[in-house]
Number of protein chains: 2
Amino acid sequence: MNPRREHRLVFLLNVAQRRLQRWIAAQTHGSGVTAAQSGLLFVLGQRDGVLIGEAGAALDLGPAGISGLVDRMAAANLIRRRADPDDGRAWRLWLTPAGRAALAQAKAGLAEVNARLTDGFTEVEIDVVARWLASLQSKFPKGEDE
Amino acid sequence: MNPRREHRLVFLLNVAQRRLQRWIAAQTHGSGVTAAQSGLLFVLGQRDGVLIGEAGAALDLGPAGISGLVDRMAAANLIRRRADPDDGRAWRLWLTPAGRAALAQAKAGLAEVNARLTDGFTEVEIDVVARWLASLQSKFPKGEDE
DNA sequence: CATAGATATTTCGCATGCGAAATAAATTCG
DNA sequence: CGAATTTATTTCGCATGCGAAATATCTATG
């Protein structure tokens, strides 16, 4: 009920995300792979050869967002774009050897981040947090729905 | 302990923040004030005439980040930069009448966001969430500290 | 007082991601 | 079949925010 605390929630979410991004960027500085790029590596690690649009959906990115990410990662030789044989509009994404190596590194880095994220909180509390974060996706939908 | 769930935590945080930003951007589309800019408006609403660096600290932004934000908002006539009379290096920020009006609107918008953010969760659960979000600031510090 | 260091801010280049519009290929419908 | 529509992706301009380096001013120290 306290408006001060509620105001803080918006702010805390913003800062928390930025702090995490900044920290990951500092950790991986020089590895040539950013946090956002790791996301796509993880997607391809599970579903290599996915459509660009599907990868974007998996990362909750719009067409423009995923397109740029793919561009930069293809330029960095982490992934490769290949035309879909059955659909002239579509392109599928494949990990390069360098991408596979970067994914392995990213997985290791994730372990450290995971440990910190849950440190000091019980499993029940982490469940509450995860449920709250997930609830924002329906509370603040992409489409219209005001 | 489930690595799948922990992996989701990083992802959920990222997506949640982006969803919220995107939703606010859509809501305020045309108002000329973005979410980040609202943040600075709130700071000035409480401490008009603050130093640029102090405002940046309040928003957890580095020098470059706050400088750009100030630039855009000054160009949009929401705030005004005035030299500090006692320190030739420093500049203080002041709300313009337009900025004050935008702040009032932002406050109203915040009420809607607050309602959604806490909807479906008990006060105890929201406290857990707030504590978790705040904990990231010490877990992922700005400075060095590995 | 002069000079070395600290402090406030800006500038640059970059990655991220959005909305809107463009392009191109596939699909549907008359 | 051919036109209209849908779908996949790119492109453009923009806001955000970072790290690193540059500028300008202030403060201490000798």
Side-chain angles (χ1 to χ4, degrees), chain A residues 14-15 17-40 50-57 59-76 78 81-93 140 142-144, chain B residues 14-15 17-40 50-57 59-76 78 81-93 140 142-144:
Chain A
N14 185 303
V15 172
Q17 164 62 11
R18 220 132 37 63
R19 282 290 185 107
L20 182 53
Q21 290 295 119
R22 201 189 289 160
W23 188 85
I24 293 177
Q27 294 306 108
T28 62
H29 203 257
S31 82
V33 178
T34 68
Q37 296 179 3
S38 297
L40 184 48
V50 85
L51 289 178
I52 289 183
E54 289 173 351
L59 297 169
D60 199 58
L61 293 176
I66 187 64
S67 182
L69 187 61
V70 164
D71 249 23
R72 292 184 295 271
M73 291 178 71
L78 294 165
R81 242 184 300 228
R82 262 183 251 162
D84 185 299
D86 301 328
D87 190 333
R89 302 164 297 180
W91 295 79
R92 295 189 174 275
L93 301 176
F140 302 98
K142 305 184 70 161
E144 317 62 35
Chain B
N14 185 303
V15 172
Q17 165 62 10
R18 219 132 36 63
R19 282 288 185 108
L20 181 53
Q21 290 294 122
R22 201 189 288 161
W23 188 84
I24 293 176
Q27 295 305 109
T28 61
H29 203 257
S31 82
V33 178
T34 68
Q37 295 179 5
S38 297
L40 183 48
V50 85
L51 290 178
I52 289 183
E54 289 172 352
L59 297 169
D60 199 57
L61 292 176
I66 187 63
S67 182
L69 187 61
V70 164
D71 248 23
R72 292 185 295 271
M73 291 179 70
L78 292 165
R81 243 185 299 230
R82 261 185 252 163
D84 185 299
D86 301 328
D87 190 334
R89 303 163 297 178
W91 295 79
R92 296 190 174 274
L93 301 176
F140 303 98
K142 307 184 68 162
E144 319 62 34

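Lettering follows sequence order; numbering is per chain, from 1. Just so it is clear, the structure is predicted and the values come from calculations on it, not from any experiment.
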Chemist: Pick the nucleotide of DNA chain D nearest each of B/A64 and A/I66; which residue has the one closer to the 5' end?
Modeler: A/I66
Chemist: Give the intermediate values and the outcome of side-chain contact (heavy atoms from CB on, under 4.5 Å) for residues A/V33 and A/M73.
Modeler: CA-CA 9 Å; A/V33 178; A/M73 291 178 71; 6.0 Å; no
Chemist: Which nucleotide of DNA chain D is the first, and which the last, in the 5' to 3' direction, to come under 4.0 Å of a heavy atom belonging to chain B?
Modeler: D/dA15 to D/dC26
Chemist: Give one of base, sugar-phosphate or nothing for A/Q21, where a contact means two heavy atoms less than 4.0 Å apart.
Modeler: nothing
Chemist: So which atom in B/G32 and which in B/L78 form the shortest heavy-atom distance, rounded to 0.1 Å?
Modeler: O-CD1, 4.4 Å
Chemist: Run the side-chain hydrogen bond (donor to acceptor under 3.5 Å, both in side chains) test against A/R89 and tell me which residues pass, sequence neighbours left out.
Modeler: A/D87
Chemist: Evaluate the side-chain proximity of A/R81 to A/L93: yes if any heavy-atom separation is below 4.5 Å, no if none is.
Modeler: yes
Chemist: On DNA chain D, check which nucleotide each of A/A26 and A/W91 is closest to and give me the residue with the more 5' one.
Modeler: A/W91
Chemist: For the pair made of CZ in B/R89 and P in C/dG5, what is the distance, rounded to whole Å?
Modeler: 17 Å
Chemist: Students often get this wrong, so: under 4.0 angstrom with heavy atoms, is A/R18 touching a base, only sugar-phosphate, or nothing?
Modeler: sugar-phosphate
Chemist: At their closest point, which heavy atom of B/L59 faces which heavy atom of A/R18, and how far apart are they?
Modeler: O-NH2, 3.2 Å
Chemist: Quick one: salt bridge (Lys or Arg N to Asp or Glu O under 4.0 Å) partners of B/R19, sequence neighbours excluded?
Modeler: A/D60
Chemist: Give one of base, sugar-phosphate or nothing for A/R81, where a contact means two heavy atoms less than 4.0 Å apart.
Modeler: sugar-phosphate
Chemist: With nearest nucleotides of DNA chain C determined for A/T34 and B/P63 from heavy-atom distances, which residue corresponds to the more 5′ nucleotide?
Modeler: B/P63
Chemist: Which residue, B/H29 or A/A36, contacts DNA chain C at a nucleotide closer to its 5' end, judged by nearest heavy atom?
Modeler: A/A36
Chemist: Would you classify A/D87 as touching base, sugar-phosphate or nothing, given that sugar-phosphate means primed atoms plus P, OP1 and OP2, and contacts are heavy atoms under 4.0 Å?
Modeler: sugar-phosphate
